[in-house]
There are 2 protein chains.
Amino acid sequence: MSRYRNDDAQRYADIFKALSNPYRVKIFMRLASCCIEASPCGSDGQICECVGTLGKDLGIAGSTVSHHIKELNRSGLVKIKRHGQRTECSVDLSVIDLLLEFFKLAEPV
Amino acid sequence: MSRYRNDDAQRYADIFKALSNPYRVKIFMRLASCCIEASPCGSDGQICECVGTLGKDLGIAGSTVSHHIKELNRSGLVKIKRHGQRTECSVDLSVIDLLLEFFKLAEPV
DNA sequence: TATAAATTTCGAAACACTTCGAATATCAGA
DNA sequence: TCTGATATTCGAAGTGTTTCGAAATTTATA
């Protein structure tokens with residue numbers, strides 16, 4: 001067990017739970033992709049999308065999209081920031097690094 | 001959305017759901033770690049642990065450990081193989097590679 | 001200030017997950 | 001073949017998740 005810190009299990013479980021729903025995975029994919037494809041749309045040059053555009057192609061109610069984004073935010077995967085009428089969302093890269101480390105530790109040296 | 005294949009969302013959600021429980025994360029950590037720390041204990045030289053040893057420090061019923069391992073297996077994260085009285089478990093490295101790619105795509109280039 | 005747009009909160013229904021102990025199954029060795 | 005060790009399946013209770021539409025909130029603009 002020593003390659004990992006056993007105390008971190010709950011933290012990782014929370015993050016993976018946030019990605020355990022296909023709609024949330026799609027939202028995450030989209031946010032992660034727009035860092036490259038879209039031009040910066042955030043208020044401070046940070047790249048993000050808002051709840052409305054994220055829910056557009058998902059075929060679920062807006063209230064459900066809002067709920068899913070809140071879950072992603074709670075886990076730390078996604079940052080949200082109100083700007084005017086819109087809530088802008090973006091992937092938090094520090095959590096991505098954490099997860100990359102998590103799975104790198106599972107690979108043989 | 002084009003850095004990712006939208007159709008893969010369900011597959012990823014299934015894998016992350018398998019890791020959305022802290023006991024399953026602990027089991028995964030332990031299986032991932034023993035590839036280095038423990039000497040090979042699998043029947044064919046493959047490194048693994050059995051249900052009993054995995055559940056030892058978890059403080060939950062054996063039937064629950066069995067259930068969690070089945071979930072990990074269903075998602076493809078863990079291979080299981082009956083050998084004698086014991087069921088040997090090991091991490092499937094191809095899924096680890098898949099997940100490393102998933103999160104690498106979320107990092108800016 | 002009044003209205004419209006974007007989002008969140010709320011309550012409810014349906015469904016899925018977690019965990020246990022008891023019962024059952026599988027297998028090695030006496 | 002009988003026994004003990006290991007593991008799985010089953011049924012049940014409690015809890016958590018998903019989704020919706022309606023209502024409320026927040027903010028820009030007429």
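In what follows, chains are A, B, ... by sequence order, proteins preceding strands, each numbered from 1. These figures come from a predicted structure and were not determined experimentally.
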With a 3.5 Å distance limit and no angle check, can you tell me whether [X] reaches the backbone of [Y] through a side-chain donor-acceptor pair?
| X | Y | answer |
| --- | --- | --- |
| B:Ser75 | B:Leu72 | yes |
| A:Arg82 | A:Thr87 | no |
| B:Tyr12 | B:Leu99 | no |
| B:Ser20 | B:Lys17 | yes |
| B:Asn73 | B:Val78 | yes |

Consider the side chain of [X], meaning its heavy atoms from C-beta on, and name the nucleotide among [options] that approaches it most closely.
| X | options | answer |
| --- | --- | --- |
| B:Ser66 | D:dG16, D:dT8, C:dT19 | D:dT8 |
| B:Arg86 | D:dC20, C:dG21, D:dT6 | D:dT6 |
| B:His67 | D:dC20, C:dT18, D:dA7 | C:dT18 |
| B:Ser63 | C:dT19, C:dA22, D:dT17 | C:dA22 |
| B:Ile60 | C:dC20, C:dT18, D:dC20 | C:dC20 |
| A:Ala61 | D:dT8, C:dC20, D:dC20 | D:dC20 |
| B:Lys70 | C:dT8, D:dT6, D:dT9 | D:dT9 |

- Between A:Gly62 and A:Lys17, which is nearer to the 5' end of DNA chain D once each is assigned its nearest nucleotide? A:Lys17
- On the 0 to 90° scale, with breaks at 30° and 60°, tag the A:Phe28-B:Phe103 ring pair as parallel, tilted or perpendicular.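 Ring orientation, 0 to 90° scale: perpendicular.
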- Output yes when at least one side-chain N/O atom of A:Asn21 is less than 4.0 Å from OP1 or OP2 of D:dT18, else no. yes
- Closer than 4.0 Å, any side-chain N/O of A:His68 to the OP1 or OP2 of D:dT19? yes
- Message: Base contacts versus sugar-phosphate-only contacts with protein, heavy atoms under 4.0 Å: please encode nucleotides 25-30 of chain D as B, S and - from 5' to 3'.
- Response: -BBS--
- Task: Before accepting this row, confirm whether a basic side-chain N of the pair A:Arg24/A:Glu71 lies closer than 4.0 Å to the acidic partner's carboxylate O.
- Result: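 The answer is no: the pair does not qualify as a salt bridge.
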- How is A:Thr87 classified with respect to the nucleic acid when contacts are heavy atoms under 4.0 Å: base, sugar-phosphate, or nothing? sugar-phosphate
